[in-house]
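One structure below.
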Amino acid sequence: MPEGHTIHRLARDLNRDLAGARLAATSPQGRFAEEAAELDGEAFAVAHAWGKHLFLEWTRAGLVHVHLGLIGKMRRRAGCHEPRGSVRLRLAADALCWDLTGPMVCALIPDAERDEILARLGPDPLREDADVDRFVETVRGSGRSLGVLLLDQAVIAGVGNVYRAEVLFLLGLDPRTPGRALTEAQARELWEEIRRLLRIGVRLNRIVTRDPSEVDATPAKMRSADRLYVYKRDECRRCGADLRTDTVGGRSIWSCDRCQAVAGQAYV
DNA sequence: ATAATATGGTGAT
DNA sequence: TCACCCTATTATC
């Protein structure tokens, strides 16, 4: 379930388990075998997350770029048994393993390539050093819609299709609203709301946008169907109207015509 | 058994 | 806009 929250949580968990340790590195599936052999037995330094990108740094041996894509996963395996499924990369410490399956990208790269990747990414609300002003200026200077802008990793790094739909609902903004229709305060509010939601996502290791007090359950215990407001739903939770679905930026988005308006225009 | 689906992204048309 | 890549899980026949 990889939007930015997944990657940041993963980096945190990897660091807790593996930072500073000598790791066995293997590629049970075989497609990363040569590279794993170079890393095998070397000291792992640290994991970093930036948007949906994960960077694994070794002290001497190199730098691995991981992007989970739609279906990739990195799972902790206590006990380190025979790998299940097709594991591209296994990092093994004494009593536990981390197994990477189905990544869109898993590559040993030079530092310069990481710099290029980071240069293409917009600010990441989960990073303390994020440049909010850059986000605000990009959005307010654009004629593209908020629905398109939020999926563009060069505009803001880490938002995916679920957070996009949910944050626009929460702020009452129609996904078709052009970026330049937002006031500066609205653009900042958009950033802050995304940051708030992503942080909850990191903490719970899943996307939860609903207020748990509406659900009568602790966030971690909320059933999956209760965690969201609009994504993939038929009806608006607030007003009961049928949600509209559009394709915006090549992906489906759900929104409520009664609860979400194009900024600056009256509700229909 | 086979198909559909998935919170992503790229490269060709 | 479409085809395609990566894999696991769930739905349908």
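Model, not experiment: these values are computed from the prediction. Naming: A, B, ... by sequence-line order, numbering from 1 per chain.
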Could you tell me whether the side chain of [Y] reaches within less than 4.5 Å of the side chain of [X], counting heavy atoms only?
X: A:D133; Y: A:R188; value: yes
X: A:P125; Y: A:F135; value: no
X: A:D129; Y: A:D124; value: no
X: A:L89; Y: A:T101; value: no
X: A:L63; Y: A:D111; value: yes
X: A:L198; Y: A:H8; value: no

message = Using side-chain contact (heavy atoms from CB on, under 4.5 Å), reason through A:L168 and A:I253 one step at a time and then give a plain yes or no.
response = CA-CA 10 Å; A:L168 291 175; A:I253 190 164; 4.3 Å; yes
Got a list of side-chain donor-acceptor pairs under 3.5 Å for residues 28-41 of chain A, not counting sequence neighbours?
{"residue": "A:Q29", "atom": "OE1", "partner": "A:R88", "partner atom": "NE", "Å": "3.0"}
{"residue": "A:D40", "atom": "OD1", "partner": "A:A25", "partner atom": "N", "Å": "2.8"}

request  = Name all pairs fulfilling the disulfide (SG to SG under 2.5 Å) condition that reach into residues 81-180 of chain A, sequence neighbours left out, sorted by first residue then second.
outcome  =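 For residues 81-180 of chain A: A:C80-A:C97.
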Between [atom2] of [N] and [atom1] of [X], the distance in whole Å:
X: A:L54; N: B:dG9; atom1: CG; atom2: P; result: 14 Å
X: A:N161; N: B:dT5; atom1: CG; atom2: P; result: 15 Å
X: A:R251; N: B:dG9; atom1: CZ; atom2: P; result: 8 Å
X: A:L70; N: B:dA4; atom1: CG; atom2: P; result: 17 Å
X: A:W50; N: B:dG9; atom1: CH2; atom2: C1'; result: 20 Å
X: A:K73; N: B:dT5; atom1: NZ; atom2: P; result: 17 Å

message = What's the gap between B:dT13 and C:dC5 when it is taken at their P atoms, as a whole Å value?
response =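 B:dT13 and C:dC5 have their P atoms separated by 14 Å.
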inquiry  = Would you measure the distance from the P atom in B:dA1 across to the matching atom in C:dC6 and give it in whole Å?
reply    = 24 Å
inquiry  = Under 4.0 Å, counting only non-hydrogen atoms across every strand here, what does A:R31 touch: a base, just sugar-phosphate, or nothing?
reply    = sugar-phosphate
request  = Looking at every strand, decide which applies to A:E166 at a 4.0 Å heavy-atom threshold: base, sugar-phosphate, or nothing.
outcome  =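 Nothing: the residue A:E166, judged by heavy atoms under 4.0 Å, touches no strand.
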request  = Please work out which residues in residues 82-89 of chain A have a non-hydrogen atom less than 4.0 Å from an atom of DNA chain C and list them by number.
outcome  = A:G85, A:S86, A:R88
Within the side chain of [X], is there an N or O that forms a donor-acceptor pair under 3.5 Å with the backbone of [Y]?
X: A:R60; Y: A:E42; result: no
X: A:S142; Y: A:T138; result: no
X: A:E235; Y: A:R233; result: no

ask   = B:dG8 phosphate, OP1 or OP2: any side-chain N/O from A:H67 under 4.0 angstrom?
value =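 The answer is no; no side-chain N or O of A:H67 sits under 4.0 Å from OP1 or OP2.
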task = Classify the angle between the aromatic ring planes of A:F55 and A:H65 as parallel (below 30°), tilted (30 to 60°) or perpendicular (above 60°).
result = parallel
task = Take A:N15 and A:R12 through the test side chain to side chain donor-acceptor pair (under 3.5 Å) and record every step on the way to the result.
result = CA-CA 5 Å; A:N15 285 330; A:R12 191 175 96 186; over 6 Å; no
inquiry  = Let's see if you get this right: which residues in residues 97-119 of chain A place a heavy atom under 4.0 Å from DNA chain B?
reply    = A:M104
key: DNA chain B-proximal residues of residues 148-160 of chain A, any heavy atom under 4.0 Å   =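 Within this stretch, A:Q153, A:G160 sit under 4.0 Å of the strand.
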request  = Check every nucleotide of DNA chain C for an atom under 4.0 Å from a heavy-atom of chain A, then give the first and the last such nucleotide from 5' to 3'.
outcome  = C:dC6 to C:dA8
